[in-house]
Q: 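I'd like to ask some things about the structure below.
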Amino acid sequence: MGMLDAPDRHELEEVSTPLYANRVRVYPQAVQGRVRRAKWAVLVFCLAVYYLLPWLRWDRGPGQPDQAVLVDMAHGRLFFFWIELWPQEVYYLTGLLVLGAVAIFAATSLFGRVWCGFACPQTVWTDLFMWVERLIEGDRNARMRRDRKPRWDWSDRARKLAKHGAWLLIAMLTGGAWVMYFNDAPTLLRDALAGDVSLAVLGFFGLFTGTTYLLAGWAREQVCTYMCPWPRFQAAMMDADSLIVSYRGWRGEPRGKARAAGAGDCVDCRACVNVCPTGVDIRDGVQLSCIGCGLCIDACDSIMTKLGRPEGLIAFETLNNLAASEAATAMLPPGAARRGPGMAARQAPRILRTRTYLYVAVLCVVAGAMLAGLALRQPGGLEVLRDRAPLFVKLSDGSLRNSYTLKLSDRRHEAATLAVTVEGLPEGTHLQVVGSEASDAAGRPLVTTKPDGVAEWRLLVTIPAGALPQADSTDVTIRLLEPAGDRSLASQHSVFLGPKP
Amino acid sequence: MANKIEHDAVTGRQTTGHEWDGIKELNTPLPKWWLWTFYATIVFAVVWCILYPALPFTGATGLLGYTGRGEGEQALAAHRAATEPMLERLRQTEIEQVLADPELRAYAVAGGRAAFANTCAGCHGAGGQGAQGGFPSLADDDWIWGGKPADIEQTIRHGIRAAEDPETRTSQMPRFLADGMLTAAQVNDVAEHVLSLTGRATDAEAASRGAAIYAENCAACHGDQGQGNHEVGAPRLNDQVWLYGGDKASIVRSISYARGGVMPAWGQRLDPAVIRMLTVYIHSLGGTE
């Protein structure tokens, strides 16, 4: 409401909804069942990988880090088991991101928001924090009662303190594990215990400790509903054949007491709402705040079992099937009579659809390109940079010289000695490598590579005055050979330039 | 803003009263923590302005006393401190030993390349290719004052004909025509002889007349075969490299009015370590003796 044209309160028929609302606290209840067990399994797996991976060792020989997964910022190397990436190969990471994105698209088109509900770090850590909260503060009712108390007694305060302490401890372990991916884990732990860590390590440790505590302890479902961009466009990946967490309204409606005549299967016990980590009512249909975790399925199933009714009032179901069941049961009386015909009207969900074909095709292409790139990767490479200033040098006896900078990259961890040849130039052409006097039996200059690095050499190529080429530009091939056996290891094309004839 | 509360016909929910081309925005209340986060960013900005010099035209320095120049100076000082041990090693090591030590040599080539671009490339070109008109190429094998690493170091330190340095090396070619030492015809004959040293004479008779004049006037510095003399900075005349042009007109001009380029002395302006790095870099260009 503007200040100038503030409304006369008496003219208003009702009070307007405020533009800003207080957060409604969610107190999710504990629940057991198949989905919950699956969620626990994913949680244990994800957290175990995250916390333990930095401690896995992988022998790469002397002088090399023996951590299986390590991002070595100082030396610009990324180690992943047997793979070692250099900074210029960052496109493998890009490929991984593309794979991850398309995999999520594919999973979403098949099963709705399974990423959000099961594997997203926000969900996993929030789940862990809620479990800790339940252990210390009790289940939903106990927590609600405590928070409604006007004054906390000593036991309440002790429990709150213990909960936040435990949360902070987990958050610190999380921040601690993060920095281990960028530093040798045992060394870092030893240094940390001795109080000797860099500001950068401390900063990232603090950052990830703070965000874990804040996002998993305090922000929780607010992250999914208000901060995360993914729910905004994930609807674009889903269609009427996606298996999403759904309430079978055709079976549940109208809601009523268990023994009430003319009532559907839903007894309006609100178990599905009470266990929801984001506090939504799944019976309202697909909605932004629903993260698709499926805990409401477990909650409803347990109630249905108690009532002696079949499970599946809430289930992973497609919109197509919901519509088909709805149509098949519209004329039948609510309750037990609808169950059979409604379920019979369903069809097996169509897994193979245009979009899933496309997602799988993109996945295969990207994964194939990455695998091929990795498999065909050479242990070494040669880059030739021709000197442009000067283009060529005329020497006092009239001979012409061109110079080239050779960059020899070598992933192997031992230095190799290689012979340099230049093809395409006349007999009598003289090769000289600045700073390397060595040459092999055939008189070719020798260069050495830098183990796990790039060696730089300057090659001077001189054509004697009597043999100068007729053209001002001659194509040449600069080649690196193994001195024994003459096997070509790498070659590059370049040119030899002279004055215009 | 509408005075009356409006309800959306489809959803039955209240609108905010905002309308764009007939589209009305439903009122979905934002959580208050979001609003408070927004206020917090405003507070952050104010605190930032107080701590750092963020207010333009006021000359305010900020409570922390931070300046971009200060940070740059700190970074420069840190860099100097970090490079000092290596520079000291370069100062203490003779040039030949530097060239023999792969680590020092690589360091010097990299540092020398930067210093060369800064101080030398203006005259000698980006890669030491030189320029016509008195700026010698440093990449070829023709050296006027000597091309051994020690000679090059000496030339950089004390310059050539550098008035500011008493230890500079200097020599003066006579102005044979301008000062009346030779006639125009004699100059022409000498020029023909000089051309004949590289087999380019067009007038054999003039060249043979010039040979006698050359022996009397030029050979003392340039050598009887035109081989030049590093000691006095007399260029070779029997090779393919000509600093002021090798055609006859240029040679006639050189004899008539003399030449004599000036190279500044850098010993007072550059750190000895930088001069050593420059020497190693020039050596790496491939033309040194």
Side-chain angles (χ1 to χ4, degrees), chain A residues 1-9 11-24 214 218-219 221-222 225-227 288 386-405 430 432-437 448 450 455-462 465, chain B residues 1-7 13-17 25-38 99-102 105-106 109-110 117 121 124-131 137-143 147 198 227-228 235-236 238-242 246 280 283-288:
Chain A
M1 292 294 157
M3 296 260 284
L4 293 175
D5 54 354
D8 183 356
R9 284 273 160 205
E11 285 178 23
L12 296 178
E13 303 150 20
E14 54 177 321
V15 181
S16 74
T17 321
L19 290 173
Y20 302 98
N22 282 322
R23 174 181 176 185
V24 181
L214 199 68
W218 292 88
E221 82 287 346
Q222 301 282 307
T225 311
Y226 295 103
M227 297 186 198
L288 180 83
R386 207 188 158 284
D387 267 18
R388 284 172 297 181
L391 280 178
F392 55 86
V393 177
K394 191 174 178 187
L395 297 183
S396 54
D397 61 359
S399 53
L400 272 187
R401 171 185 287 168
N402 277 205
S403 35
Y404 306 82
T405 299
H430 178 69
Q432 185 198 342
V433 172
V434 178
S436 164
E437 312 302 331
T448 50
K450 188 175 164 196
E456 192 176 313
W457 295 99
R458 250 173 81 80
L459 172 69
L460 309 178
V461 179
T462 309
Chain B
M1 280 272 179
N3 284 0
K4 285 190 177 160
I5 295 170
E6 205 179 3
H7 286 265
R13 285 168 55 190
Q14 293 182 3
T15 72
T16 57
E25 183 189 18
L26 297 182
N27 182 15
T28 307
L30 206 59
K32 279 210 181 114
W33 61 261
W34 192 292
L35 188 68
W36 285 110
T37 307
F38 175 59
L99 290 171
D101 179 335
R105 175 201 185 102
V109 167
H124 290 287
Q129 77 265 40
S137 163
L138 307 177
D140 66 18
D141 61 345
D142 188 45
W143 297 89
T198 43
Q227 69 268 38
R236 268 180 82 180
N238 61 357
D239 67 7
Q240 307 281 332
V241 180
W242 296 88
V280 176
H283 178 81
S284 81
L285 295 178
T288 45

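A quick note: this is a predicted structure, and the numbers were derived from the prediction, not measured. Every chain is numbered from 1, with letters handed out A, B, ... down the list of sequences.
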Q: Using a 4.5 angstrom heavy-atom cutoff, name the option from A:Q222, A:R23, A:R388 with the most pairs to chain B.
A: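 The candidate making the most pairs under 4.5 Å is A:Q222.
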Q: Quick one: which of B:T28, B:T198, B:L99, B:N27 has the most heavy-atom pairs under 4.5 Å with chain A, could you say?
A: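 Sorted descending by pairs with chain A, the first entry is B:N27.
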Q: Any idea which heavy atoms bring A:N22 and B:K32 closest together, and the distance?
A: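 Result for this residue pair: OD1-NZ, 3.4 Å.
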Q: Rounded to the nearest 0.5 Å, what's the gap from CZ on B:F38 to OH on A:Y20? Could you check?
A: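 Taking CZ in B:F38 and OH in A:Y20, the distance rounds to 8.0 Å.
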Q: Which heavy atom in A:A21 sits nearest to a heavy atom in B:P29, and how many Å separate them?
A: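 So the minimum-distance heavy-atom pair works out to CB-CB, 3.6 Å.
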Q: Under 4.5 Å heavy-atom distance to chain A, tell me which part of B:W34 shows up: side chain, backbone, both or neither.
A: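 Side chain only.
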Q: Could you look at B:D141 and say if it's the side chain, the backbone, both or neither that has a heavy atom under 4.5 Å from chain A?
A: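 The answer is both parts of B:D141.
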Q: Just so I understand: if I count every heavy-atom pair under 4.5 Å between each of A:S396, A:P390, A:S403 and chain B, which residue has the most?
A: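 The option with the most such pairs is A:S396.
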Q: For A:L460, is it the side chain, the backbone, both, or neither that has a heavy atom closer than 4.5 Å to a heavy atom of chain B?
A: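 Just its side chain gets close to chain B.
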Q: Between atom NZ of A:K394 and atom CG of B:D142, what is the distance when rounded to the nearest 0.5 Å?
A: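 Those atoms lie 11.5 Å apart.
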Q: Closest approach of B:R105 and A:V434, non-hydrogen atoms and distance?
A: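 Scanning both residues, the minimum pair turns out to be NH2-CG1, 3.4 Å.
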Q: Are B:Q129 and A:D387 packed together at the side-chain level, in the sense that at least one heavy-atom pair is separated by less than 4.5 angstrom?
A: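 No, their side chains stay 4.5 Å or more apart.
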Q: If I measure from the heavy atoms of chain B, does A:D397 come under 4.5 Å with its side chain, its backbone, both, or neither?
A: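 Backbone of A:D397 only, per the 4.5 Å heavy-atom cut-off to chain B.
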Q: Measure the shortest side-chain to side-chain distance between B:L285 and A:R458 over non-hydrogen atoms and say whether it is less than 4.5 angstrom.
A: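 SC-SC contact between B:L285 and A:R458 confirmed.
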Q: So which part of B:R13 gets closer than 4.5 Å to some heavy atom of chain A, the side chain, the backbone, both or neither?
A: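 Neither part, no heavy atoms under 4.5 Å.
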